[in-house]
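To keep things clear, I will list the structure first and then write my remarks on it.
Since we're looking at a predicted model, the values are computed, not measured. Whatever order the structure lists them in is the order used to number ligands and atoms, beginning at 1.
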Amino acid sequence: MRLSRYFLPVLKENPADAQIVSHRLMLRAGMIKQQAAGIYSWLPMGFKVLRKLENIVHEEQVRAGHIPMLMPTLQSADLWRESGRYDDYGEEMLRISDRHGRDMLYGPTNEEMITDIFRSHVSSYKDLPLTLYHIQWKFRDEIRPRFGVMRGREFLMKDGYNFDLTVEDALHAYNRHLVSYLRSYERMGLQAIPMRADGGPIGGDYTHEFLVLAETGESEVFYDSAVTDLTFGDREIDYDDVAQCQSILEEFTSKYARTDETHDEALFNQIPEERRRVARGIEVGQIFYFGTKYSEAMGATVQGPDGKPVPVQMGSHGIGVSRLVGALIEANHDDKGIIWPEGVTPFHVGIVNLKQGDDEADAACDALYKSFTALGLDPLYDDRNERAGGKFATMDLIGLPWRITVGPRGLKNGVVELTCRRSGVSEELPPEQAVAKVAAIYAAL
Ligand code: ATP
Ligand code: MG
């Protein structure tokens, strides 16, 4: 993309109403625009990042054997009356009535709807196990929407639902979700720690939340610092291997890590003192096993192997896709702006032309641009007629991991400058070597 043709409405001033750094930087970098409290438009560059996160989530869910679909945002209140949650959910539910006076709502989550789909189409244990998921907008009329997309009212969530015959199968589904979530966050360049949590209105007492440590997080967390040494890495995973998924769950959840809702001071004090941590975290996902809570209330049964009807075992599993954009920035920025991890960056590399209009510099930038696109990479070329300082400030603000600077002086010696946004380190290289180096970094992801 040529910046002169793009829509990147960066702000020079710090927006006064943004309290935390991710919200400030998303507004300044022209990623979002607030349309009402807790409701945002995703401007092109924000949308690009959102889509990248969605893609990672999709790829990892499909890899785990889970099946994508799409349910609507608007739901009929009747389904929620069946589960009893129409009254229980309270003021966070946005209730609407249509022109016929029928009670509708904007879905805050989809347990009821997916259970309805299941009971309409599945009647035999032979169709199990089954895990369906979608990535769809949710609405929760949060009392205090704040921090930009981190606590919005309308937000994008991946929510998946498993249906199993036995408790053991449902726990395996739970473990598959834990493993696939660990992989997803790691691909995004984030460490999200699974912590024992509380069921809340979804219900169920077997649940973990995934937390990204950050000072601005809304949850208070207590953990053994040894959990921060765990990484998923590139280990091979067989999602049908029950023992392997169970052992990964144990590896990642056996050390103490809890939110304040389930914190146990006595257990915490058993951790060696130098490893005890009290910190704050951002919840970027949660997995639940809740057994037959919805299937019994809504009559979702299957015919078991002995011919008798059994209520199906269920769990639900969510990732806060739009919140993750904010969480990523909280975890990756400096005083100049965002620093995108390579796995989620909106553009792979920035090209800065120091002397727009200079034939040689223009031609070198065009050639770089072509080389990157031919390799399937997505460069952002700052071809505007602006001073170098302004171009650098924009690149630093929007946080592309790699920048190539092209100017007449370097070109005389046959080199361009390749700069790493995170380390700030620059090196001079012939253009084709700079391209090769950047391409190799992305090829290794
Ligand atoms: P919270 O405790 O932050 O209100 P929750 O536990 O009610 O969240 P879940 O029902 O577990 O949320 O939803 C799954 C994920 O969706 C959460 O882990 C979080 O990342 C995201 N999420 C929930 N509420 C919001 C919101 N208001 N804005 C943005 N993302 C949200
Ligand atoms: Mg939650």
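The number of heavy-atom neighbours closer than 6.0 Å to CD of Glu91, taken from other residues, nucleotides and ligands shown, is 12 or below. For CG of Leu445, the number of neighbouring non-hydrogen atoms (other residues, nucleotides, ligands) closer than 6.0 Å is greater than 12. By the 6.0 Å contact criterion, CD on Glu274 is enclosed, its count of non-hydrogen atoms from other residues, nucleotides or ligands being greater than 12.
Under a 4.0 angstrom heavy-atom cut-off, Lys138 registers as lying outside contact with ligand 1. The shortest heavy-atom distance from Gly285 to ligand 1 is under 4.0 Å.
The Glu142 neighbourhood of ligand 1 comprises atoms 24 (N), 26 (C), 27 (N), with distances under 4.0 Å to a heavy atom of that residue.
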Worked check of salt bridge (Lys or Arg N to Asp or Glu O under 4.0 Å) between Glu218 and Arg144: CA-CA 12 Å; Glu218 291 186 285; Arg144 215 176 301 115; over 6 Å; no

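In Arg140, the part holding a heavy atom less than 4.0 Å from any atom of ligand 1 is the side chain. By the criterion of a heavy-atom distance under 4.0 Å, the backbone of Val149, and not its side chain, is placed next to ligand 1. Only the side chain of Arg323 comes within 4.0 Å of ligand 1, judged by heavy-atom distances. The proximity of Arg151 to ligand 1, defined as any non-hydrogen pair under 4.0 Å, involves the side chain as well as the backbone.
Between the side chains of Tyr289 and Gln313, at least one donor-acceptor pair of N or O atoms lies under 3.5 Å.
Distances from the Mg ion (ligand 2) to each N, O or S atom of Glu283 single out OE2 as the nearest.
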